[in-house]
Amino acid sequence: MKKYYIFDLDGTLCDSMGFWRAETSDCDFFNLRQMEEAYNRMREHYRCDITLKSGVVDFLNRAKTAGIKMCIASATRRDVSEPLLRKTNLLDYMEFYVDCHEIKVFKEHPDIYLIAAERLGADISDCAVFEDAEYCAETAKKAGFYTVGIDDEVAAEEGDTRKFCDLFFESWNNAPLP
């Protein structure tokens, strides 16, 4: 069993990818005003509409009971996802939350996973990275991490995460601890 878990947030722990797609489909990602407006709409979705995926809380409880140290490594700025983190008490299970905006490198590069492992005080070989998106699973796998894929219908439209995973969950319900 791995001693450390690094979780993606969107599409992995929560059902938010459809909201992200809807809110950013017409955005110019280089237009800061448009992106801030999308972030504000997403904060409201995190507060009112977005929930954790079924089985996540049970999985996290089992991992915590087993003594596994966990963190979130997300592309989403923490201030945007904060309403979800508060309403679900998700951070009660986590050592910390790190995001790509904080480190200024996105998940096409392994930096976020390497930084998360370092902050956890872990060797890469002792970590499992949980992701829903193919390119993220590929990045983590190429960096030497044990990768666990989580089924997400929005991410599945963009690629086959299974190709880069050591383990794949159709759902969190009754998922084994890797």
Side-chain angles (χ1 to χ4, degrees), residues 2 4-25 27 29 38-39 42 45-46 49-60 62-63 68 70-78 80-85 88 90-91 93-94 96-103 105-117 120 124 127-178:
K2 297 296 179 186
Y4 304 92
Y5 291 173
I6 301 169
F7 294 99
D8 171 54
L9 178 65
D10 297 291
T12 301
L13 294 175
C14 66
D15 281 319
S16 55
M17 294 308 294
F19 292 99
W20 275 109
R21 182 176 280 173
E23 295 300 346
T24 60
S25 64
C27 283
F29 290 96
Y39 291 150
M42 282 305 300
H45 287 303
Y46 280 117
D49 307 315
I50 297 169
T51 59
L52 296 179
K53 289 189 171 199
S54 178
V56 164
V57 172
D58 176 63
F59 184 89
L60 295 176
R62 288 187 289 121
I68 296 165
M70 300 174 277
C71 71
I72 294 174
S74 179
T76 300
R77 287 180 1 201
R78 181 178 173 155
V80 175
S81 63
E82 190 70 35
L84 175 77
L85 301 174
T88 62
L90 193 54
L91 292 182
Y93 299 95
M94 306 297 164
F96 56 86
Y97 183 112
V98 60
D99 66 68
C100 292
H101 297 269
E102 172 188 342
I103 66 166
V105 179
F106 285 90
K107 290 185 175 182
E108 292 85 359
H109 305 282
D111 301 50
I112 194 161
Y113 307 115
L114 297 170
I115 288 168
L120 286 168
I124 291 172
C127 295
V129 171
F130 295 76
E131 280 286 356
D132 65 306
E134 177 186 33
Y135 82 96
C136 299
E138 180 181 13
T139 299
K141 187 68 179 166
K142 284 181 177 177
F145 288 91
Y146 182 91
T147 57
V148 180
I150 309 301
D151 188 41
D152 184 79
E153 64 183 45
V154 176
E157 293 173 11
E158 298 174 5
D160 184 6
T161 305
R162 296 172 203 249
K163 293 189 303 189
F164 300 101
C165 293
D166 298 289
L167 183 62
F168 188 85
F169 298 157
E170 295 291 333
S171 87
W172 288 104
N173 294 313
N174 302 311
L177 298 179

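All figures in this text were calculated on a predicted structure; none of them were measured in a lab.
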Does the plane of the ring in His101 sit parallel, tilted or perpendicular to the ring in Phe106? Use 30° and 60° as the thresholds.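 Ring orientation, 0 to 90° scale: perpendicular.
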Residue list, ring-ring contact (aromatic ring centres under 6.0 Å, His included) with Tyr135, at least two apart or on another chain: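 By the ring-ring contact (aromatic ring centres under 6.0 Å, His included) rule, Tyr135 matches no residue at all.
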Please identify each residue that fulfils ring-ring contact (aromatic ring centres under 6.0 Å, His included) with Phe19, with sequence neighbours left out.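 Result, ring-ring contact (aromatic ring centres under 6.0 Å, His included) vs Phe19: His45.
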Can you check side chain to side chain contact (heavy atoms under 4.5 Å, CB included) on Phe145 and Asp166, steps first, answer last? CA-CA 9 Å; Phe145 288 91; Asp166 298 289; over 6 Å; no
Rounded to the nearest 0.5 Å, what separates atom [atom1] in [X] from atom [atom2] in [Y]?
X      : Y      : atom1 : atom2 : answer
Asp132 : Ser16  : CG    : OG    : 8.0 Å
Leu13  : Thr88  : CG    : OG1   : 9.0 Å
Arg77  : Cys100 : CZ    : SG    : 12.5 Å
Glu131 : Asp152 : CD    : CG    : 11.0 Å
Phe59  : Trp172 : CZ    : CH2   : 5.0 Å
Glu158 : Met17  : CD    : CE    : 6.5 Å

Just to verify, which of Leu9, Asp15, Leu84 counts as forming a side chain to side chain contact (heavy atoms under 4.5 Å, CB included) with Ile50?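 It is Leu84, the one option of Leu9, Asp15, Leu84 that forms the side chain to side chain contact (heavy atoms under 4.5 Å, CB included) with Ile50.
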Any side-chain heavy-atom pair from [X] and [Y] closer than 4.5 angstrom?
X      : Y     : answer
Leu120 : Phe96 : yes
Lys107 : Asp8  : yes
Thr76  : Tyr97 : yes

Check [X] against [Y] and note the closest heavy-atom contact, atom names and distance.
X      : Y      : answer
Ala63  : Met70  : CB-SD, 3.7 Å
Phe169 : Pro176 : CZ-O, 3.3 Å
Val148 : Cys165 : C-SG, 4.0 Å
Lys141 : Thr147 : N-CG2, 3.6 Å
Asp10  : Trp20  : OD1-NE1, 3.3 Å
Ala140 : Val129 : CB-CG1, 3.8 Å

Quick check against the 3.5 Å criterion: does [X] have a side-chain atom that pairs as donor or acceptor with the backbone of [Y]?
X      : Y     : answer
Ser74  : Asp99 : no
Lys53  : Gly11 : yes
Tyr113 : Ile6  : no

Full working for side chain to side chain contact (heavy atoms under 4.5 Å, CB included) between Leu90 and Ile72: CA-CA 10 Å; Leu90 193 54; Ile72 294 174; 3.8 Å; yes
Are Glu170 and Arg162 ion-paired here, with the side-chain N under 4.0 Å from a carboxylate O?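 A salt bridge links Glu170 with Arg162.
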State whether Arg78 and Glu102 are salt-bridged, where the test is any N-O pair (Lys NZ or Arg NE/NH1/NH2 against Asp/Glu carboxylate O) under 4.0 Å.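 Result for this pair is no, no salt bridge flagged.
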Working note: Tyr46 + Glu82, criterion side chain to side chain contact (heavy atoms under 4.5 Å, CB included); need CA distance, chi angles, decisive distance, verdict. CA-CA 8 Å; Tyr46 280 117; Glu82 190 70 35; over 6 Å; no
Is the CD atom of Glu108 crowded by more than 12 outside heavy atoms at less than 6.0 Å?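 Yes, CD of Glu108 has more than 12 neighbouring heavy atoms, counting only those of other groups under 6.0 Å.
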